[in-house]
Visitor: 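The structure that follows is given in the form of structure tokens.
These numbers come from the heavy atoms of this one structure, side chains and all, not from hydrogens, waters or symmetry mates. Sequence lines set the chain letters: A, B, ... in the order given, protein chains first and strands last, and positions in each chain run from 1.
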Amino acid sequence: MVNEEIARLFERMARVLAFKGGDRFRIMAYERAAVSIRDLEQDLAAIAAEGKLEEIPGIGKDLSEMIGEYVHKGRIGRYERECRGIAPELIDLMSIPGLGPKTLALLHKKAHVNDFDSLMRCLDCAAVAKLKGFGAKKVENIRRGIELWVASQKRMLIGVALPLAENLLEQIRSNRLVERAEVAGSLRRCRETIGDLDILITSKDTPLALNQLTKLPVVRQVLETGDTKAAVIIEGGIHVDIRAVAAESFGAAMQYFTGSKRHNIHLRKIAREHGLKCNEYGLFRGSRRIAGAKEKDIYAALHMAVMPPEMREDRGEIEAALACKIPKVIELADLRGDLHTHSTWSDGKSTLEEMVEHAEALGYEYIALTDHSPSERVAHGLDRTRLEKKIEAVERLRRIRKNRLPHILMGAEVDILGDGRLDYPDDILARLDIVVAGIHAAFKQTKDQITGRYIDAIANPAIDILAHPTSRLIGSREPLEFDFDAVVRAAVEAGVALEINGSMYRLDLSDVMAKTAQEAGALLAIGSDAHSTAQMDQICYGIFQARRGWVEARSVVNTWRWKDLTRWLGRAHGNKVLQFRKAVSA
DNA sequence: GCCGTTTTCGGCCCGACTGTTTTCAGTCG
């Protein structure tokens, strides 16, 4: 997809302009456009072909022309002209914390810094501390920034960040000076990756509390301490900002630091329209605070319903809140079962029995045991013989457990082969209670090939759920390129559910794609893809992702009662499905 | 560079911390 390439180009354009000392609002315009493009589901090339680029927020006449040029020629003349005489490596350095455009420009001009090596050499040289605005501490700050930059090139997966944050929060709360402590920031919004942690506290003695918190056992390095804020690095190399606020401002601060940046900018704009000022201390009319202690009061004072933190990305939630149309998004408690799990029969670590018992402990009404098909050799995919043995094993387990819940669905995660066929013959597929199908190989096919492959697979009446549709691995494998809208349309028509895979490494569908799919009327399924009993609990990450995509429980098949689920699984393909959907939602 | 109940020009969110400064610029979130 060309979207990411163009988003990066606009980001770089903003940096180049900042480096050259350009107009800051022009710089902001490029940054805003980059964020806006990343939020898009549709391919920019397709939007350009329809002539609808200027309908994208933040894209006007100039930027749409630049996008059009990139789509046709693979380059943007204006960008290349702006970059003339500036080494790309120099612009890369602006990712280093503490090294902004002004500082970098000065180092470039006065100390001939052009890339990482010349920057390091320059910092080692005594003359650098004599530059205007420089001193020993500033040099030391940039050095620390470089260390951080090198260490934090990769953002943390939410599944890594959340347990660390919970541990830290527990330590902070056990300090007797701390009255209250909560996580804000991107972790509270449950983004799929987390850059750093934001923690808010209230305390009777703020400076002393902050000082003590910087001495917690998990703290490895103190970056700064003030009267209202401390910044530390904790074990695992995670950057944590701890901010202290007064109780009457706590809600305002939670709102402010939960973000996102775009959500906050939009909110403050609305405050201004009401003649109010919104900051981390509260909502003010003149100097009088009209809200601040509770987060919901901030929104209420702006005539808005409060929305879940996961929705606060400025993707329409503010308009929805103003219209009192915030949807009731799915919660963990809505789940009645897990439809994507593995056992020791293929590459799982827990036995069938253990998986079923854990599902019972979670209070599930049903669980599908979906081990791999034979093409997945590394995962010990089941051939016909072993699959038949597993069917017998499941039947035995059902007999032993008699009427105890959960109901057990004998299933498989079937590979969608390169030509769109499923990895089991029809007679075997017919013996399965549930078929979850996904792409596990031949990722390099063209966009049209992948699209066709999915549409062929969906046309097979055996398939119930399309597993991890983009097959991405966050931070290590790019998503498959295909015509998402066409695949969603096919899935809606066939009554096939699209998965939101809850594995922290996948989270696939993405938030934006899940939203698009639901809006198109698609059914969804949230699966843990667990390879052990412990991983079954991690389905919460799938719930977070669904909430970020505004997904409501009614769209998710594994929130349905057993009776409705089995009716859906036993459905006939084609138009009957639509009637079935109406019956379920009624 | 974008945008419009402030509408084709003149705005564009706001405050804390740091370091080097003696009143502020740069950076960050």
Visitor: Please list, pair by pair, any protein nitrogen or oxygen found under 3.5 Å from a nitrogen or oxygen in nucleotides 24-26 of chain B.
Guide:
unit_1: dG26(B); atom_1: O3'; unit_2: T103(A); atom_2: OG1; d: 3.2

Visitor: Using a strict cut-off of less than 4.0 Å between a Lys/Arg side-chain nitrogen and an Asp/Glu carboxylate oxygen, indicate whether R173(A) and E182(A) qualify as a salt bridge.
Guide: yes

Visitor: By the 4.0 Å heavy-atom rule, please label K61(A) as base, sugar-phosphate, or nothing.
Guide: sugar-phosphate

Visitor: Go through dG15(B), dG29(B), dC17(B) for me and flag the one nearest to the K277(A) side chain.
Guide: dG15(B)

Visitor: At under 4.0 Å, does any side-chain N or O of N279(A) touch on OP1 or OP2 of dG15(B)?
Guide: yes

Visitor: Using a strict threshold of under 4.0 Å (side-chain N to carboxylate O), is an ion pair present between R8(A) and E4(A)?
Guide: yes

Visitor: So what does E280(A) hit on the nucleic acid, given a heavy-atom distance under 4.0 Å: a base, only sugar-phosphate, or nothing?
Guide: sugar-phosphate

Visitor: What is the base-pairing partner of dT8(B), counting Watson-Crick and G-U wobble geometry with both distances under 3.5 Å?
Guide: none

Visitor: Taking NZ, NE, NH1 and NH2 as the nitrogens, is one of them in E179(A) or K204(A) under 4.0 Å from a carboxylate oxygen of the other?
Guide: yes

Visitor: Could you tell me how far apart Y281(A) (OH) and dA16(B) (P) are, to the nearest whole angstrom?
Guide: 4 Å

Visitor: Checking contacts here: which listed nucleotide (dC28(B), dG19(B), dG1(B)) is nearest the side-chain heavy atoms of N141(A)?
Guide: dG19(B)

Visitor: Thinking salt bridges, do E295(A) and R188(A) make one under a 4.0 Å N-O criterion?
Guide: yes

Visitor: Expressed as a whole number of angstroms, how long is the span from K132(A):NZ to dT20(B):C1'?
Guide: 9 Å

Visitor: Expressed in angstrom and rounded to an integer, what is the separation of I142(A) atom CD1 from dT27(B) atom P?
Guide: 9 Å

Visitor: Checking only heavy atoms, does the side chain of Y256(A) share a donor-acceptor pair with the base of dG29(B) at less than 3.5 Å?
Guide: yes

Visitor: If you measure from the Lys or Arg side-chain nitrogens to the Asp or Glu carboxylate oxygens, is any gap between K73(A) and E80(A) under 4.0 Å?
Guide: no

Visitor: Judged by each residue's nearest nucleotide on DNA chain B, which is more toward the 5′ side, G60(A) or K269(A)?
Guide: G60(A)

Visitor: With a 4.0 Å cut-off, would you call R472(A) and E478(A) a salt bridge?
Guide: no

Visitor: With a 4.0 Å cutoff (strictly under), does any side-chain N or O of R272(A) reach OP1 or OP2 of dT6(B)?
Guide: no

Visitor: Taking only Lys NZ, Arg NE, NH1 and NH2, and the carboxylate oxygens of Asp or Glu, determine whether K61(A) and E65(A) approach each other closer than 4.0 Å.
Guide: yes

